[in-house]
There are 2 protein chains.
Amino acid sequence: MKCINLSSEEKLKEAAKSVFLKKGFAGTTARDIADAAGMNIALTNYYFRSKEKLFVEIFRDLFSLYCTNTVKILEKPIGLKEKIIEVIEEDYRMMKEEPNLVLFIMTEIHRDCENLLPELSKYSEMLKGMFVEQIAEEVRLGRMRDIEVEHLMPIIIGSLQFVFVGKNMYMKVHGMSEEQFDDYARTHKDHVINMVVNYLFQDVDTMREIRVKEETVL
Amino acid sequence: MKCINLSSEEKLKEAAKSVFLKKGFAGTTARDIADAAGMNIALTNYYFRSKEKLFVEIFRDLFSLYCTNTVKILEKPIGLKEKIIEVIEEDYRMMKEEPNLVLFIMTEIHRDCENLLPELSKYSEMLKGMFVEQIAEEVRLGRMRDIEVEHLMPIIIGSLQFVFVGKNMYMKVHGMSEEQFDDYARTHKDHVINMVVNYLFQDVDTMREIRVKEETVL
DNA sequence: TAAGATTTTAAACGTTTGTTTAAAATTTGC
DNA sequence: GCAAATTTTAAACAAACGTTTAAAATCTTA
């Protein structure tokens, strides 16, 4: 009976993940992966049959890393404002842990959308189910700006993720170290939370406050 | 005296630009470029000496396309709110014209930051000069939220550019055609303008309005 | 410990890569 | 209109690519 030594196979996969994240599929050679793992060049094909099959397997894992936690938060039975703040905080945590992830995902989907399409279903789930209903309910009650979910998600995650997509650019332009970028990103995250919550909720609240004040006066 | 036929050299460069924008440096072969131009494979090296030298020349052009118009707007002698709206509108116009540009810029700087560093100086200019002074003045007068310019620019351009970075992903996830994405992006642009202006100015205005109302009452 | 199964290795496979060459085709300048 | 300069071509280059092979090394099982 087959008894795979997972240690070698997984060591190779971890090394490949690291290289793919940094250089992308097109920029990575089979020898880059072997070198990073400190293993023989033939082992990639021995364990994973081809560079592309290894890549697809890793992409699946990384796309899950990109989505899963956010989807879980969207499904939590909590208030919408609280939920959106949690999503942004989780996004920040994820990108701090793996800063290359967002650009990697975007680049590879851009390169080979058709082949990687099946992996996108999880992202679709994000926008369905109780989250959409929750938005509709909040909008109906006038507690939230009327906005379609297709616009809401990029509003929530876009501005912060963009900072990590352009991480190398910002670091060069502003002469930042890794630590300085961490500080920068954390501060930016707080700006984004304020801005998004302000746009989606506060304006409504403030308008209500004004209305209340006016009614009190009259 | 040397008399270059610009028609062939420029035809090659335009073809290369198109291929590089779509596939990136690592994903583009010399034969891809020759095929796209309908020219002989040797001509790339005849006119540009190497694939990399051709790429750097094209990157310079495209980075300029990415920055120049925005910098011009930032230097205009107009109000800050008006200016920020103009920047977002110009960003949208640019990305509608060349949807692959932002992801291209981000990917290539990520790949080879050191070599492409000299090209980044223009982006730095963006953040200097009268724009910074204008922000400081507006903040001092209490007409604008207190925010550092390093955070302001990603706040302004990040959310909208992110939508174009993830264009292929959104199109697949939401099953959009090119025309539908155009509509989607235009609507999103308007959301971004509202959100950003709201965050930077409206809150201050509204608070002032409230204060004025209170004073009127008392 | 011996036989069989599995893992690892060095070497080579046929392609494709970016680039070069040298001759052919074309254009330029007198 | 001819010699010189320039542009374009087909062919080939060495190097690097993903992959395969077959033998060596290691581990498993009895």
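Worth saying up front: this structure is predicted, and the values here are computed from it rather than measured. Here is how names work: the chains are called A, B, and so on, in the same order as the sequence lines, proteins then strands, and each is numbered from 1.
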C/dT8 OP1/OP2 closer than 4.0 Å to side-chain N/O of A/Tyr46: no

A/Asn45 vs D/dG18: side-chain N/O to OP1/OP2 distance below 4.0 Å: no

Set of ring-ring contact (aromatic ring centres under 6.0 Å, His included) partners for B/Phe25, sequence neighbours left out: B/Phe55

All ring-ring contact (aromatic ring centres under 6.0 Å, His included) counterparts of A/Phe164, not counting sequence neighbours: A/Phe181

For nucleotides 24-27 of chain C, give me every protein contact, N/O to N/O, under 3.5 Å, one pair per line with atom names.
none

Neighbours of DNA chain C within residues 21-36 of chain B, by heavy-atom distance under 4.0 Å: B/Thr28, B/Thr29, B/Ala30, B/Arg31

Kindly write out the residues that satisfy side-chain contact (heavy atoms from CB on, under 4.5 Å) with [X], not counting sequence neighbours, or none if the list is empty.
X        : result
B/Lys189 : B/Ile88, B/Glu89, B/Tyr92, B/Leu160, B/Arg186, B/Ile193
A/Ser18  : none
A/Ala37  : A/Leu12, A/Ala15, A/Met39

Sequence neighbours excluded - salt bridge (Lys or Arg N to Asp or Glu O under 4.0 Å) pairs with any residue from residues 97-116 of chain A: A/Arg93-A/Glu97, A/Glu108-A/Arg111, A/Glu114-B/Lys172

Partners meeting side chain to side chain donor-acceptor pair (under 3.5 Å) with B/Glu52 (sequence neighbours left out): none

Atom-pair distance (CD1 on B/Ile41; P on C/dT15), nearest Å: 19 Å

